[in-house]
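Have a look at the structure below, then the notes.
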Amino acid sequence: MNFPVVAAVSDVAPQLTVVIPTFNEVDNIDPLLARLRETLGALRWEAIFVDDNSPDGTARALRDRGRLDPRIRCIRRVGRRGLAGACIEGMLAAQGPIVAVMDADLQHDDSLLPRMYDAMTEGADVVVATRYAEGGAAASFTATRSMLSRTATVATQKLLGVTSSDPMSGFFMLRRELIDDLSPRLSSQGFKILLDILATAPAGLKIVEIPYAFASRQNGESKLDNRVLLDFLGLLVAKVTRDVVPIRFVSFAAVGTLGLALHLAVLRTILVNGAHFATAQSVATFAAMTSNFLINNVLTYRDRRLRGWRLLPGLAKFYAICGLGAAANIGVGSWVFWETSRWWVAGIAGSLIGVVWNYAVSTALVWRDKP
Ligand SMILES: Nc1nc2c(ncn2[C@@H]2O[C@H](COP(=O)(O)OP(=O)(O)OP(=O)(O)O)[C@@H](O)[C@H]2O)c(=O)[nH]1
Ligand SMILES: [Mg+2]
């Protein structure tokens with residue numbers, strides 16, 4: 001049977017979709033929905049929550065609310081974590097031609113939504129609710145967070161040519177079509193989806209900014225941690241290199257550097273206790289590979305983290321991959337040394353090949369998307 005394609009937008013379709021990523025936000029749902037109902041009263045809207053299987057029952061609570069009000073839907077993702085990926089999935093599921101993204105924890109001033117929507121209907125491609133333009137504020141930030149956030153903002157403006165005053169904002173609105181076009185090139189890893197969108201979109205986007213004061217979290221706990229910084233650096237490097245260097249690579253290389261330091265420390269400790277070099281080197285190699293595997297598992301690949309019995313085959317594969325990586329390192333290094341007679345060029349070339357091999361093959365075989 002052929003179903004007719006619905007060409008026209010009916011007068012019951014939503015005009016605006018609000019995408020709200022959630023992880024353990026059950027206590028914020030009702031206050032947020034009450035605010036949305038009040039603020040968006042005149043518009044036809046829908047709210048799509050994207051929940052990463054929160055243990056506190058956020059998804060169940062949302063399903064209950066959705067039974068009473070079909071404008072409320074929840075996408076429940078199982079076995080995956082990540083703010084950016086959640087936002088992308090929510091935006092792609094939107095029925096409305098205009099999509100807003102906002103946090104669930106009441107830090108984003110929902111009363112801005114109608115003004116943001118008006119700016120979109122007046123021709124903006126993206127509307128950013130900004131903390132860093134005249135009239136905006138982020139008073140709840142600690143001094144360190146404020147400094148990091150502002151430094152990161154300036155870095156993206158200078159390095160990526162992003163013009164927004166607050167490309168790290170989690171509160172913005174855009175056309176659904178823009179996401180349809182960009183989604184294959186966006187990264188599902190990380191916390192900074194707006195930055196990825198602005199850095200990936202073609203030049204000439206019409207961006208409108210509306211200042212607001214970032215409030216304090218009302219209920220529940222922050223999910224922001226130090227890993228966000230690594231993700232940010234990865235995104236920055238990926239965009240500066242036009243996606244030649246993948247986002248995870250920065251974290252993988254940083255863990256590798258840490259592994260090298262551990263290797264040298266273990267090697268020295270064993271050598272000073274009188275062991276043979278070969279024995280000390282073997283123990284140090286295994287210690288570094290094991291620690292690299294465990295740290296990458298919780299840091300670089302945390303959204304694909306191996307747990308329980310899966311750790312063992314993962315570790316075995318990682319040993320094998322690193323072994324071949326070392327062989328590639330030595331082979332390429334020797335060849336470059338033969339060609340150039342410069343020990344340091346050969347050393348760098350060999351190490352680069354080794355780390356790229358380890359990264360690429362580990363991503364494909366150890367932490368692949370669907371293990
Ligand atoms: N689906 C999903 N949502 C997430 C994830 N991490 C955070 N969130 C949601 O994304 C929003 C922003 O996270 P927050 O922890 O509030 O981050 P923040 O606002 O930058 O930090 P605070 O100021 O400390 O609250 C909240 O609605 C979270 O519930 C995740 O891994 N998956
Ligand atoms: Mg928050």
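The figures here come from the full heavy-atom set of this structure, side chains too, leaving out hydrogens, waters and symmetry mates. Each ligand, and each atom within it, is numbered from 1 in the order the structure gives. Since the structure is predicted, the reported quantities are computational estimates derived from the model, not experimental observations.
- Taking 2.8 Å as the threshold, Ser222 does not count as a candidate ligand of the Mg ion (ligand 2), since none of its N, O or S atoms lies below it.
- Distance CG/Leu16 to CZ/Arg44: 11.0 Å, rounded to 0.5 Å.
- Among heteroatoms of the N, O or S kind in Asp105, OD2 lies nearest the Mg ion (ligand 2).
- At a 4.0 Å heavy-atom cut-off, the residues surrounding ligand 1 are Pro21, Thr22, Phe23, Glu25, Val50, Asp52, Arg81, Gly82, Leu83, Ala86, Asp103, Ala104, Asp105, Gln107, Arg145, Phe191, Phe214, Arg217, Ser222, Lys223, Leu224, listed by chain and number.
- Between Glu122 and Arg115, none of the side-chain N atoms (NZ, or NE/NH1/NH2) sits under 4.0 Å from a carboxylate O, so this pair counts as no salt bridge.
- Of the candidates Val298, Asn297, Leu315, Leu312, Asn297 is the only one forming a side chain to side chain contact (heavy atoms under 4.5 Å, CB included) with Leu306.
- Using a 4.0 Å cut-off between a side-chain N of Lys or Arg and a carboxylate O of Asp or Glu, Arg175 and Asp181 do not qualify as a salt bridge.
- Taking the six-membered ring where tryptophan is involved, the planes of Phe214 and Tyr212 are perpendicular, since the angle between them exceeds 60° and thus also 30°.
- For Arg248 and Tyr359, the positive end is not near the middle of the six-membered ring at less than 6.0 Å and at most 45° from its axis.
- Under 4.0 Å is where a charged nitrogen must lie from a carboxylate oxygen, and between Asp51 and Arg76 no such pair does.
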